[in-house]
Protein chains: 2
Amino acid sequence: MIDRYSPEKIYMQIAHAIESDLKDGFEAGDLYLSEKTLTEKFGVNRHTVRRAVEELVKQGVLEKRHGFGTFVAEKRLAYSIKGHQRLSQGIAENGSEVTTILLDKKIIAARGSVAEKLQLKNAEDVVQVDTLRQIDDKPVALISHFFPQAIVKDSFDDYESGSLGTFLAEQCEIEAKRISSQVNAAMPNSQDSFQLRMNSSQPILKVKTLNINVKTNELVEYSITRFRGDMIQLELLME
Amino acid sequence: MIDRYSPEKIYMQIAHAIESDLKDGFEAGDLYLSEKTLTEKFGVNRHTVRRAVEELVKQGVLEKRHGFGTFVAEKRLAYSIKGHQRLSQGIAENGSEVTTILLDKKIIAARGSVAEKLQLKNAEDVVQVDTLRQIDDKPVALISHFFPQAIVKDSFDDYESGSLGTFLAEQCEIEAKRISSQVNAAMPNSQDSFQLRMNSSQPILKVKTLNINVKTNELVEYSITRFRGDMIQLELLME
DNA sequence: TGCCATTTGTTCGTATGTATC
DNA sequence: TGATACATACGAACAAATGGC
C-alpha cells in the first residue's frame, strides 16, 4: 500500500489513498476511520496519518471533532441570489429547511464602516442584530445586521427568531431592497469558525450589503454576512 | 517566557511571543530566527516551535523556505474594485495601470464543467487561453478563458497580450456579454499562489463566468478567474 | 565540481492532556 | 467512571534543499 522508496512523501501517499478510499464506500457526513485504525492499516506512525489527515482537512475533504472522530466533509451547496432578491429568499428556493437563530441584539454607537455606509454621524445609535442562518440544521452563514436606531426605534425588542425581512415588513413597515453588495474572500476569525462549526483553515465568503427602504428611500440596513466558503457559492444572474 | 501551567497552549504562547518580537526589531523581508535558535530561546522541543511558526505562516505573518530559513512576510496592499459589475472593466476604471500577460494558449478537448457550461459535446475542441492580470505590476488575477474552437477558429494565433475583450471584438467580431457568474471563496493551489505571488495560506476569490455573443446569442466564452483575496473586492451594484 | 554546515521537512517513538460518549 | 479519539509535547534520527567554500 505504501512505497517507502517513492519520492512522494508517505503522508501524501496516505492522503491520496484516503481520498480514493472515500470515493469507494463513504458518503458525506459519515464518520471516517480513527487515527489508530489508519495507523494499523498503513503501518506507519500515528503522526504520519495525522499529517495526511491534516492535508485533507486543509483541502476540505475531511473534518475533525476533538474526542469524537473524523468525518467526510459535506459537499458544497449552490446558493443563488437573483437580481434584486433578498438573500433569505435566495436560500428558501432550495427545498431545504432554512432557520434563523438570534445570537445577540444590542445598541451600539455608529462608527467606522457602519457609520460610513449608513451615512450616520459618529456616535449615533445603531441597533446591531447578529443571527445564524442554518440550512437543514447546518450553519452556513453568520450575519451582523445594523439598523439606525432612529428608524427602527424599539421594534427589535420583540424579535426572537425567524426571517428578519418578514419581521421588518410586518413590525416596522419597512420594505428593504438591496442596493449594493461587496464580496470578498477572507479567513474566518475564531468567532466565525466557532459559530459556523467550520475548520479555521477554510476560507469564508464575506458579503457586505446595503439596503434602502423602498417606501422612504432611506438607508435602513447595512449587513455583513460570513458564508462558509466550503458550503456556499453565490450565483449572479444577469438579465 | 513560557508558562507551562497556563491554559493557553505552549505553541500559541510562542506564536504570540514571536509576533510581538517581530514588531520590535524586524522588518518585512528580514530573515527570522532559525528553528534551532527558537528552540533554545524558548526552551521547548523543536516540534513545538514548528507548530508555532506554522500558525504564523497560516496567518501570513511569516514565510518559510526549505533549506534556507524563515522570513518576515511582506505586507500586502489592500486594493478594491469599485463601481461596476463587469469585472474586467471594473478594474480598468481606476487610474491604475492594468496589464494582461499571456501565459498559455492551447487547444483542448471539452470535458467536465467546461463542456457543460458551453453546452458542448464531449471532446469537441476548445481554445484555452490563460492570462495573468496585473495592476501596477502587481498580479491580482489569474484567468483561464475557454472558447469553442468552432466559433473563434484560428483567431487566437495572433493574440499575444492586452485586453482579450478588445481582441475578440476586433478580430472575431464577437461582442461578449456576461450572463451569469458564480462566486466562491477557496484556497489557491500551488500554481495559483505561484503565479499570483501570494501566500498559499491566504484565500482566493474564484469567479466563474459565462458569456454570450450578443450578435448571435451563442455561448462564446466560459472563464474561471482566481483573484487574490487580499487585494480584490468585488462590488455589485443594483439599479 | 564536490563537500560541508546550516536549515527546514519527514518519520519514527513515547507520554500525557482533554473532549466526547 | 471508563473507553475511545483527537491534541499537545517531548526526544531522536535521517532526508532534502540551500549557500558557501
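To find a chain, count down the sequence lines: A is the first, B the second, and so on, and within it residues start at 1. Any value given below was found using the heavy atoms of this structure, including those in side chains, with hydrogens, waters and symmetry copies removed. Just so it is clear, the model here is predicted, and its values are computed rather than measured.
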Next item on the list: Kindly say whether, by distance alone, the side chain of B:His47 makes a donor-acceptor pair under 3.5 Å with the base of D:dA12?
Entry: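 Checked by distance alone, the answer is yes.
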
Check: Side chain of A:Arg46, base of D:dA7: donor and acceptor closer than 3.5 Å?
Finding: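 Yes, a donor-acceptor pair under 3.5 Å.
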
Item checked: Minimum-distance pair of heavy atoms, taken over all atoms of B:Pro203 and B:Met187 ->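 Minimum heavy-atom separation between B:Pro203 and B:Met187: CA-SD, 4.1 Å.
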
So, is [X] close to the [N] phosphate, meaning a side-chain N or O under 4.0 Å from OP1 or OP2?
{"X": "A:Thr70", "N": "D:dC6", "value": "yes"}
{"X": "A:Arg51", "N": "C:dT11", "value": "no"}
{"X": "A:Arg4", "N": "C:dC12", "value": "yes"}
{"X": "A:Lys64", "N": "D:dA7", "value": "yes"}
{"X": "A:Asn45", "N": "C:dT11", "value": "no"}
{"X": "B:Thr48", "N": "D:dT8", "value": "no"}
{"X": "B:Arg65", "N": "D:dG19", "value": "yes"}

Margin query: Can you work out whether A:Val49 or A:Gly67 has the more 5'-proximal nearest nucleotide on DNA chain C?
Written below: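 The residue whose closest nucleotide sits nearer the 5' end is A:Val49.
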
Next item on the list: Say whether, by atom type as modelled, one donor and one acceptor occur between the side chain of A:Thr48 and the main chain of A:Val44 under 3.5 angstrom.
Entry: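 Between the backbone of A:Val44 and the side chain of A:Thr48 there is no qualifying donor-acceptor contact (under 3.5 Å).
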
Note to self: Please check: side-chain N/O of B:Asp104 versus main-chain N/O of B:Asp130, any donor-acceptor pairing under 3.5 Å?
What the structure shows: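 Checking the backbone N and O of B:Asp130 against the side chain of B:Asp104, no donor-acceptor pair under 3.5 Å is found.
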
Next item on the list: Calculate the interatomic distance between B:Arg50 atom CZ and D:dA12 atom C1'; express it in whole Å.
Entry: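 It works out to 15 Å between those atoms.
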
Notebook entry, point to check: Given D:dA9, D:dA7, D:dA16, which nucleotide is nearest the side-chain atoms of A:His66?
Noted result: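 Nearest to the side-chain atoms of A:His66, counting from C-beta on, is D:dA7.
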
Next item on the list: Inspect the contact between B:Glu54 and B:Arg50 and indicate whether a charged nitrogen and a carboxylate oxygen are less than 4.0 angstrom apart.
Entry: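 Salt bridge: no.
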
